[in-house]
Engineer: 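Mind looking over this structure? Questions follow.
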Protein chains: 2
Amino acid sequence: MMSMIKNYELYKVFYWAVKTGSLTQAAKALYLTQPSVSHAIKQLEDGFGVPLFFRTPKGVELTQEGNVLYSYIEQSMILIALAEEKMAALKNLDSGELRIGGSDSLFKHYLLPILESYHSRHPGIKLHLHHGTTPEVITFLKEGRIDLGVVRMPIVDPQLKVRESFQLQDCFVAGARYAELKDKTLSLEQLLQYPVILFSRNSRARMTITELFQSYGLTLKPDIEVGSVDLLIEFARRGLGISYVTREFVSNELEAGSLFEIRLDVSLPPSHVGIMTMRNMPLSIAASRFIELVG
Amino acid sequence: MMSMIKNYELYKVFYWAVKTGSLTQAAKALYLTQPSVSHAIKQLEDGFGVPLFFRTPKGVELTQEGNVLYSYIEQSMILIALAEEKMAALKNLDSGELRIGGSDSLFKHYLLPILESYHSRHPGIKLHLHHGTTPEVITFLKEGRIDLGVVRMPIVDPQLKVRESFQLQDCFVAGARYAELKDKTLSLEQLLQYPVILFSRNSRARMTITELFQSYGLTLKPDIEVGSVDLLIEFARRGLGISYVTREFVSNELEAGSLFEIRLDVSLPPSHVGIMTMRNMPLSIAASRFIELVG
DNA sequence: AGGAGACATAGATGATGTCTATGATTAAAA
DNA sequence: TTTTAATCATAGACATCATCTATGTCTCCT
């Protein structure tokens with residue numbers, strides 16, 4: 001259906017004319033001249049075929065019909081004003097939300113301080129954390145349920161854009177039970193003589209270490225598989241075996257001495273963590289700011 | 001505060017872009033070309049400093065921020081659409097209200113059929129009847145509580161415009177108790193020998209009849225004063241005296257013979273009823289239609 | 001009376017909204 | 001793969017129409 005009034009701009013003029021009770025004042029409020037306002041109101045009146053104001057020597061007053069119109073237009077204009085305020089708030093990061101996907105351990109051990117700093121700078125932004133495996137996080141992202149994902153690289157997917165953010169170093173650690181290994185440097189072969197604890201889920205870290213052993217003609221088969229990084233650490237501390245973990249995730253334990261790193265005669269490949277976003281999709285302000293902060 | 005977006009027209013384009021999910025379709029809905037819509041959306045995005053859509057090969061989809069904006073703008077646009085519908089209804093007299101002021105008796109005995117016909121033609125228009133004396137009705141009108149008043153003329157008030165509508169003839173009537181007067185023609189002096197019943201309130205009718213007697217050097221003092229035209233009629237029927245009433249208001253009783261008119265040797269002045277409106281104030285559509293109907 | 005304020009009207013002007021034409025990109029069809 | 005047909009973006013020309021200046025009319029107040 002075609003509306004009678006083609007130009008919503010006129011409603012803004014009408015709104016101010018009512019609010020100020022004067023075409024002259026409305027003109028000032030809108031940085032226009034009085035004849036412009038006069039003309040605008042006339043257009044509305046002609047469009048509806050109904051007078052909206054009666055003119056008095058002191059200004060204008062709504063007619064009955066004008067009053068009906070105003071009851072709608074007032075709400076409408078207030079909503080637009082609210083919308084503009086809200087958009088300004090979004091832009092200033094006084095408001096908004098940021099939805100991040102990632103693994104439990106990354107959140108807990110690495111992203112926490114970043115999120116804290118982010119939240120303290122922008123307390124108005126609501127944070128939503130979705131944890132899952134890398135494939136799950138990719139799905140979240142493609143379904144639009146998160147703004148960005150923090151995952152181990154490399155990710156090869158034409159729909160995604162991944163930006164390397166920081167490096168983590170995986171390593172083997174053990175507890176007091178294997179104190180004899182503290183000063184030794186082991187070969188991979190030697191290592192296999194000890195019980196190995198690995199992460200059970202299909203994580204990139206597990207894939208890379210398995211491949212590393214294979215490249216030396218060795219087969220890495222874990223004696224224990226556990227479902228979380230916390231358990232990986234805990235099992236190593238209790239002497240159930242040698243855990244393969246991200247060094248940065250056990251920095252507390254290494255410092256306290258409850259765990260120590262096993263030196264190897266080969267260097268383990270570092271793992272790169274990247275921030276993953278949808279290619280061809282503009283980031284929300286909140287998300288851009290986060291990426292900026294991570295650096 | 002100066003808003004970022006100077007042109008509310010852009011929101012209409014935005015609204016349709018969201019609703020259709022396509023700039024091309026929005027252009028069709030608005031009878032514009034696709035580049036115009038493209039340009040409009042760009043203006044909004046530049047104005048807010050935030051992308052509102054991400055562009056896909058099948059159309060456009062809201063960003064997070066765009067979605068926030070839409071939640072406000074949708075309501076706003078719906079309100080405007082409702083406003084336009086309502087105004088059309090007002091103009092077509094499918095909606096609206098008509099507030100009439102007048103005396104009880106005028107409503108009951110004269111305006112009722114007119115109001116009935118008006119209401120049956122325009123059932124969507126709500127009728128509000130405010131009864132009061134002529135001065136009260138004038139006050140209602142000046143306070144904007146009624147659209148028009150139906151009162152006895154003349155009214156002299158520079159703020160008011162009175163349009164003569166029809167004539168009424170006041171007369172003296174009596175019931176069976178005074179049957180002896182049925183065929184006589186009385187002088188005013190003779191009339192005063194009978195008990196007279198007058199309307200108690202300061203009505204124009206009472207003023208004119210009092211003045212008439214005075215112009216003949218006579219004093220008209222009622223034996224009974226009553227507060228309504230109905231009582232005036234009822235008292236006369238029961239023989240309590242001779243009532244001064246508007247002939248048109250007792251046409252039923254005159255026809256039925258329960259009352260008869262007293263012939264006088266002087267002619268009583270007719271009274272003119274006029275429709276009174278505010279000068280310099282446009283009438284509502286509903287009110288104009290009413291006046292048109294009354295003729 | 002005269003002045004100051006209101007809104008209305010007329011005509012000129014220029015900003016800007018709109019158009020046509022074209023390009024870039026993607027997805028589906030051949 | 002190549003083609004075709006969508007999408008939106010961009011550039012530049014054009015003309016609409018919103019806005020301005022100048023003036024008129026009316027009312028109220030001094």
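Bear in mind the structure is a predicted one, so any value in this text is a computation, not a measurement. Each chain gets a letter, A, B and so on, in the order its sequence line appears, and its residues count up from 1. Quick note: numbers below take in every heavy atom, side chains included, and nothing from hydrogens, waters or symmetry partners.
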Engineer: Which nucleotide, C:dA8, D:dT7, C:dC7, lies nearest any side-chain atom of B:T24?
Structural biologist: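 Among C:dA8, D:dT7, C:dC7, the one nearest the side chain of B:T24 is D:dT7.
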
Engineer: Are any of B:S38's side-chain N or O atoms less than 4.0 Å away from OP1 or OP2 of D:dT10?
Structural biologist: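 No, no such contact exists.
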
Engineer: May I ask you to check whether A:Q64 and B:D147 show a side-chain donor-acceptor distance below 3.5 Å?
Structural biologist: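 Yes, B:D147 and A:Q64 have a side-chain donor paired with an acceptor closer than 3.5 Å.
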
Engineer: Quick one: A:L23 CG to C:dT9 C1', roughly how many Å, whole number?
Structural biologist: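 Value for this atom pair: 14 Å.
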
Engineer: Tell me, please, which residues at least two apart from B:S103 pass side chain to side chain donor-acceptor pair (under 3.5 Å).
Structural biologist: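 With neighbours one apart ignored, the set is B:S105.
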
Engineer: Out of the candidates B:R145, B:E97, B:R99, only one should pair with B:H128 under the side-chain hydrogen bond (donor to acceptor under 3.5 Å, both in side chains) rule; please name it.
Structural biologist: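 So, applying the side-chain hydrogen bond (donor to acceptor under 3.5 Å, both in side chains) to B:H128 and each of B:R145, B:E97, B:R99, only B:E97 qualifies.
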
Engineer: Taking atom P of C:dC19 as reference, at what distance in whole Å does atom NZ of B:K28 sit?
Structural biologist: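 One finds 14 Å between P of C:dC19 and NZ of B:K28, rounded.
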
Engineer: Does the protein touch nucleotides 15-30 of chain D at the base, only the backbone, or not at all? Give it as B, S and - per nucleotide, heavy atoms under 4.0 Å.
Structural biologist: ---SBBBB----S---

Engineer: Under a 4.0 Å N-O cut-off, is there an ion pair linking B:R55 with B:E45?
Structural biologist: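 So B:R55 pairs with B:E45 through a salt bridge.
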
Engineer: Starting from C1' on D:dT7, measure out to CD on B:E61 and report it in whole angstrom.
Structural biologist: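 After rounding, the reported distance stands at 13 Å.
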
Engineer: State plainly whether the residues B:K12 and B:E9 are in salt-bridge range, i.e. N to O under 4.0 Å.
Structural biologist: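 B:E9 and B:K12: salt-bridged.
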
Engineer: So what does B:V60 touch, heavy atoms closer than 4.0 Å: a base, only the sugar-phosphate, or nothing?
Structural biologist: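 The residue B:V60 makes sugar-phosphate contact but no base contact.
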
Engineer: Does C:dA8 have its OP1 or OP2 closer than 4.0 Å to a side-chain nitrogen or oxygen of A:R55?
Structural biologist: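 Indeed, a polar side-chain atom of A:R55 lies that close.
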
Engineer: For A:E45 and C:dA8, what is the distance between atoms CD and C1' respectively, to the nearest whole Å?
Structural biologist: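 Spelled out: CD on A:E45 to C1' on C:dA8 is 12 Å.
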
Engineer: C:dA6, D:dT10, D:dA9: which one has an atom nearest the side-chain heavy atoms of A:S22?
Structural biologist: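 So the nucleotide nearest the side chain must be C:dA6.
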
Engineer: A:Y110 vs A:F166 aromatic rings, parallel, tilted or perpendicular, using cut-offs 30° and 60°?
Structural biologist: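 Because their plane-to-plane angle is under 30°, the rings of A:Y110 and A:F166 count as parallel.
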
